[in-house]
Amino acid sequence: MKKLMITLSALALLTSCVSKKEYAALEAKNKETQDLLNTCTVKLNSCLEEKAGLKATVDGLRETNQHLISTSKDMTILSTKGAENIEKALESIKEKDLKITRMQDALTKKDSVTLAVVTSLKSVVGMNDQDIEINVDKGVVFISISDKMLFKSGSYEVSDKAKGVLSKVAKVVNDKPDFECMVEGHTDTDVLKGNSCLIDNWDLSVKRSTAIIRILSNDLGVKPEQLIAAGRSSYVPLVPNDSAENKSKNRRTRIYVMPKIDQFYDMVEKEMKKPTAAAPVQK
């Protein structure tokens, strides 16, 4: 602006000594200069506004960048912790898988022993009689003998015919000194009458069990510590007690030949204590 005033003053001084033509030329030049100045002023203001906008953008980008850096650090921390947790979880899964495998190995061994016992019993008993059943129930080997082969109705005196079967059972049990033999008596629902020695079906089922145990122990050489007496009365029927035929099926004695429970747990424990195989070295 100061330059413009100087220029105008100079023009005023010169008007007195220049021609109209020169004056007109100077005036046109002055207008051109003024227009150029106005244009520059507009551009300057535009540049200043653009600069302010760019500064605001830069400030925003800096803030965003700082936030991203901070978030990135947090994500790195989270990722590290996540990786550690995943690693721990994988180790836990591996450990559980190993335990499951060893439990399965123990159960497989037990199943192999059970199968061997079934084979031995079927080989020794060697009878194809509907009153005698050799089978496995919940992993335990049993011989089910109909009571009509073992006892007279309402009696717990073992028949001579039954002693032949019991001698074969005793042979298998004697070959398995680490096994237990549980004799389990079952009755039908008929109420006992006219027998002063028996109170009820509970009494009858247990006395039939102990009668067989005495023969196994006293006459057939089975160790008493291997024997277990049990009575179930009429409360675990195979079929409803609604006919003479069904009642006959329910009157039975089961002889279980089974590994001792503590031996099975020892087997499992030994499997669990086996050292973990070393991981292959990665090259």
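Being a predicted model, the structure only gives us computed values, none of them experimental.
- Proximity of Ser233 to Asp200: side-chain heavy atoms (C-beta onward) are nowhere separated by under 4.5 Å.
- Both Leu166 and Ile132 sit in one connected hydrophobic cluster of ILVMFWY residues. Membership requires side-chain heavy atoms under 4.5 Å apart, directly or through other members.
- With contacts defined as side-chain heavy-atom distances shorter than 4.5 Å, the pair Val173/Gln226 qualifies.
- Thr187 places none of its side-chain heavy atoms less than 4.5 Å from the side chain of Asn250.
- Counting only heavy atoms from C-beta outward, the side chains of Arg254 and Ser144 approach each other to under 4.5 Å.
- Looking only at distances, no side-chain donor or acceptor of Ser217 sits under 3.5 Å from a matching main-chain atom of Arg214.
- Between Arg252 and Asp147 no salt bridge is recorded (no basic side-chain N to carboxylate O distance below 4.0 Å).
- For the pair Ala170 and Leu220, the tightest heavy-atom approach, listed with the atom from each and the gap, is CB-CB, 3.6 Å.
- Of the candidates Asp188, Val239, Asn241, Val239 is the only one forming a side chain to side chain contact (heavy atoms under 4.5 Å, CB included) with Lys249.
- Put simply, the side chain of Thr64 gets close to the backbone of Gly60: a donor and an acceptor are under 3.5 Å apart.
- Across every non-hydrogen atom of Trp202 and Ser205, the tightest pair is O-OG, 2.9 Å.
- More than 12 heavy atoms of other residues, nucleotides or ligands lie within 6.0 Å of CG in Leu238, so this atom counts as buried by the packing criterion.
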Subject >> Trace of the side chain to side chain contact (heavy atoms under 4.5 Å, CB included) decision for Asp190 with Lys247 >> reply: CA-CA 9 Å; Asp190 288 349; Lys247 288 179 181 180; 2.7 Å; yes

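- Geometrically, Arg208 does not engage Tyr156 in a cation-pi contact, judged by NZ or CZ lying under 6.0 Å from the ring centre and within 45° of the ring axis.
- Proximity of His186 to Thr253: side-chain heavy atoms (C-beta onward) are nowhere separated by under 4.5 Å.
- Using a 4.0 Å cut-off between charged nitrogen and carboxylate oxygen, Lys152 and Glu157 do not count as a salt-bridge pair.
- Side chains of Val136 and Phe142 form no contact here, defined as non-hydrogen atoms less than 4.5 Å apart.
- To the nearest 0.5 Å, atoms CG (Asp219) and NZ (Lys163) are separated by 6.5 Å.
- Of the possible donor and acceptor atoms, one in the side chain of Thr210 sits under 3.5 Å from a partner among the backbone N and O of Val206.
- Cluster membership for Val141 and Val183, using ILVMFWY side-chain heavy atoms within less than 4.5 angstrom, is shared.
- In this structure the side chain of Phe179 never reaches within 4.5 angstrom of the side chain of Tyr256, judged on heavy atoms.
- The heavy-atom pair separating Leu227 from Val222 by the smallest distance is CD2-CG1, 3.7 Å.
- Here the closest heavy-atom approach between residue Ile255 and residue Val169 is recorded as CG2-CG1, 4.0 Å.
- Rounded to the nearest 0.5 angstrom, Lys207 NZ and Ile212 CD1 are separated by 14.0 Å.
- Arg251 is not listed as a side-chain neighbour of Lys148, based on a closest heavy-atom distance of 4.5 Å or more.
- Distance check: Ile228 CD1 to Cys181 SG gives 8.5 Å after rounding to the nearest 0.5 Å.
- The minimum heavy-atom distance between Ala211 and Val158, with the atom names listed, is CB-CG2, 4.0 Å.
- Closest heavy-atom contact between Leu150 and Ala162: CD2-CB, 3.1 Å.
- Although no hydrogens or angles enter the test, the distance criterion places no donor-acceptor pair under 3.5 Å between the side chain of Ser209 and the main chain of Ala229.
- Here the CG atom belonging to Leu192 is positioned 11.5 Å from the SG atom belonging to Cys197, to the nearest 0.5 angstrom.
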